[in-house]
Undergrad: 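Got a structure for you, questions after.
In what follows, every heavy atom counts, from backbone to side chain, and hydrogens, waters and symmetry copies are set aside. The sequence lines fix the lettering, A, B, ..., with proteins before strands; numbering per chain opens at 1.
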There are 2 protein chains.
Amino acid sequence: MNKYREIGFKLTPQRLAILEYLDGNNNHPSADDIYRSVLKKFPTISFATVYATLTALKKRGKLAEISSDPYKRRYDPDTRKHSHLHCDACNRIFDIPIEYTIVFPESVRQNFYISHSHVECSGLCPSCKIHESK
Amino acid sequence: MNKYREIGFKLTPQRLAILEYLDGNNNHPSADDIYRSVLKKFPTISFATVYATLTALKKRGKLAEISSDPYKRRYDPDTRKHSHLHCDACNRIFDIPIEYTIVFPESVRQNFYISHSHVECSGLCPSCKIHESK
DNA sequence: CTGGCTGCAAATCTTTTGCATCCTG
DNA sequence: CAGGATGCAAAAGATTTGCAGCCAG
């Protein structure tokens, strides 16, 4: 696929499968999710390859690493600034459209270098919220 | 110590050592940090005890679990709402005083149950920022 | 005195690494 | 055809668990 050429790394069949799995994926998959999905096409792919590809994508700014799941790392092909909610019941992560403005006091701006900031929420997703209230 | 009576769990010497280590601690220690610290007083304490105590404290709302370190879980005895910055260089976590107001759209409020929300920042802490610019 | 807590060791889970071989550009 | 990518297996790290014995309330 030419659409992946611009990433600037060797486009192997395994990497293509990973990229296609991630493309437009808003499920915030873990390395294991990605591994198990690509396994269907490439029964010999290894975690080493998956992690190496994820690292290469992160380095090129094509993938975000999410740490709101306390159990393992998750990945997000959407690198635009947005907010997440971690569902404490089903452990899934959801994109949520919220608005906010952060005021960084002068003391913070002077002393820290802030490269990223985003809002993390936790609670219950729509389907778990319904089950909860029954 | 009577100040820990109100937690509502058995106050063993090991737990007291953990509580004293955590009290007022704003270094956001990991389980390993806590383990190694208590080890000085109790050379036979185990990770099982540390993790069991941390779980008991979390359940009673006396301890917050932080997931902004991508490598391991960190803990914070300050359970009031506040913001963190993870330093990408030294891997430490800092409390930062920032102000913000989040607007949750009607669609979000209707469909999700949001128990917590906070701001996560990453970048460089004061000392790493200085080294960086040299 | 009893249920919860402790400590040990083993298990589990996630992520990383060394290395020989392979294949994209 | 060279350097980066792959796959295997082993290692490293973090966290959990089973269980026998212990002790705070």
Undergrad: Would you kindly give the CG-to-C1' distance between A:Leu39 and D:dG7, to the nearest whole Å?
TA: 12 Å

Undergrad: Ignoring backbone atoms, test whether A:Thr49 places a side-chain nitrogen or oxygen under 4.0 Å from the OP1 or OP2 oxygen of D:dA5.
TA: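 The answer is no; no side-chain N or O of A:Thr49 sits under 4.0 Å from OP1 or OP2.
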
Undergrad: Pick the nucleotide of DNA chain D nearest each of B:Arg74 and B:Pro13; which residue has the one closer to the 5' end?
TA: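 Closer to the 5' end of DNA chain D: B:Arg74.
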
Undergrad: Could you state the atom-to-atom distance from CG of A:Asp69 to P of D:dA14 in whole Å?
TA: 17 Å

Undergrad: So, is B:Gln14 near the phosphate of D:dC23, with a side-chain N or O under 4.0 Å from OP1 or OP2?
TA: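 The answer is no; no side-chain N or O of B:Gln14 sits under 4.0 Å from OP1 or OP2.
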
Undergrad: Reading DNA chain C from 5' onward, which residue's closest nucleotide shows up sooner: B:Tyr71 or B:Pro43?
TA: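 Nearest-nucleotide comparison on DNA chain C picks B:Pro43.
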
Undergrad: Within this structure, what is the NZ-to-P distance between B:Lys72 and D:dT16, rounded to whole angstrom?
TA: 15 Å

Undergrad: D:dA24, OP1 or OP2 - any side-chain N/O from B:Arg15 closer than 4.0 Å?
TA: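 So the side-chain polar atoms of B:Arg15 never come under 4.0 Å of the phosphate oxygens OP1 or OP2 of D:dA24.
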
Undergrad: May I ask you to decide whether B:Glu6 forms a salt bridge with B:Arg60, counting only side-chain N to carboxylate O separations under 4.0 Å?
TA: no

Undergrad: Atom CG of B:Asp33 to atom P of D:dG13: distance rounded to whole Å?
TA: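 B:Asp33 atom CG is separated from D:dG13 atom P by 15 Å.
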
Undergrad: Which is true for B:Lys10 with a 4.0 Å heavy-atom rule: it touches a base, it touches only sugar-phosphate, or it touches nothing?
TA: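 If one applies the 4.0 Å heavy-atom cut-off, B:Lys10 turns out to touch a base.
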
Undergrad: From CG of A:Leu16 over to C1' of D:dT6, roughly how many Å is that when rounded to an integer?
TA: 15 Å

Undergrad: Scan A:Ala31 against the nucleic acid and name what it touches under 4.0 Å (heavy atoms): base, sugar-phosphate only, or nothing.
TA: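 Sugar-phosphate, backbone atoms only, no base.
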
Undergrad: Can a side chain N or O of A:Thr12 be found less than 4.0 Å away from OP1 or OP2 on D:dG4?
TA: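 Answer no for this pair, as no side-chain N or O of A:Thr12 is under 4.0 Å from OP1 or OP2.
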
Undergrad: Checking all strands, does A:Ala52 fall into the base, sugar-phosphate, or nothing category for heavy-atom contacts under 4.0 angstrom?
TA: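 No contact.
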
Undergrad: Which pair of heavy atoms, one from A:Val50 and one from A:Ile18, lies closest together, and at what distance?
TA: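 Nearest pair, atom of A:Val50 first, then A:Ile18: CA-CD1, 4.1 Å.
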
Undergrad: Do B:His82 and B:His118 have side-chain heavy atoms sitting under 4.5 Å apart?
TA: no

Undergrad: So for atom CD, which belongs to B:Glu65, do other residues, nucleotides or ligands contribute more than 12 heavy atoms lying within a distance under 6.0 Å?
TA: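 Correct, the count exceeds 12.
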
Undergrad: Measure from OH on A:Tyr35 to C1' on D:dT6 and round the result to the nearest Å.
TA: 13 Å

Undergrad: First and last nucleotide of DNA chain C touching chain A, 5' to 3', heavy-atom cut-off 4.0 Å?
TA: C:dT14 to C:dG25

Undergrad: Looking at A:Asp69 and A:Arg92, is any side-chain nitrogen of the basic one under 4.0 Å from a carboxylate oxygen of the acidic one?
TA: no

Undergrad: Rounded to whole Å, how long is the line connecting atom CZ of B:Phe47 with atom C1' of D:dG13?
TA: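 Value for this atom pair: 10 Å.
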
Undergrad: Give a yes/no answer on whether the side chain of B:Arg73 brings an N or O atom under 4.0 Å of OP1 or OP2 in D:dT16.
TA: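 Answer is yes, contact under 4.0 Å.
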
Undergrad: Can you see whether B:Tyr75 engages B:Asp33 through a side-chain donor-acceptor pair at a distance of less than 3.5 angstrom?
TA: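 Note: B:Tyr75 and B:Asp33 side chains miss the donor-acceptor criterion.
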
Undergrad: Tell me which of A:Ala48 and A:Ala56 sits closer to the 5' end of DNA chain D, going by the nucleotide each one is nearest to.
TA: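 The residue mapped nearer the 5' terminus is A:Ala56.
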
Undergrad: Does NZ or CZ of A:Arg15 lie under 6.0 Å from the centre of the six-membered ring of A:Phe9, at an angle within 45° of the ring axis?
TA: yes

Undergrad: Let me see the working for A:Gln14 and A:Thr49 under side chain to side chain donor-acceptor pair (under 3.5 Å), right down to the final yes or no.
TA: CA-CA 8 Å; A:Gln14 292 89 337; A:Thr49 301; over 6 Å; no

Undergrad: Expressed as a whole number of angstroms, how long is the span from B:Ile7:CD1 to D:dA24:P?
TA: 16 Å

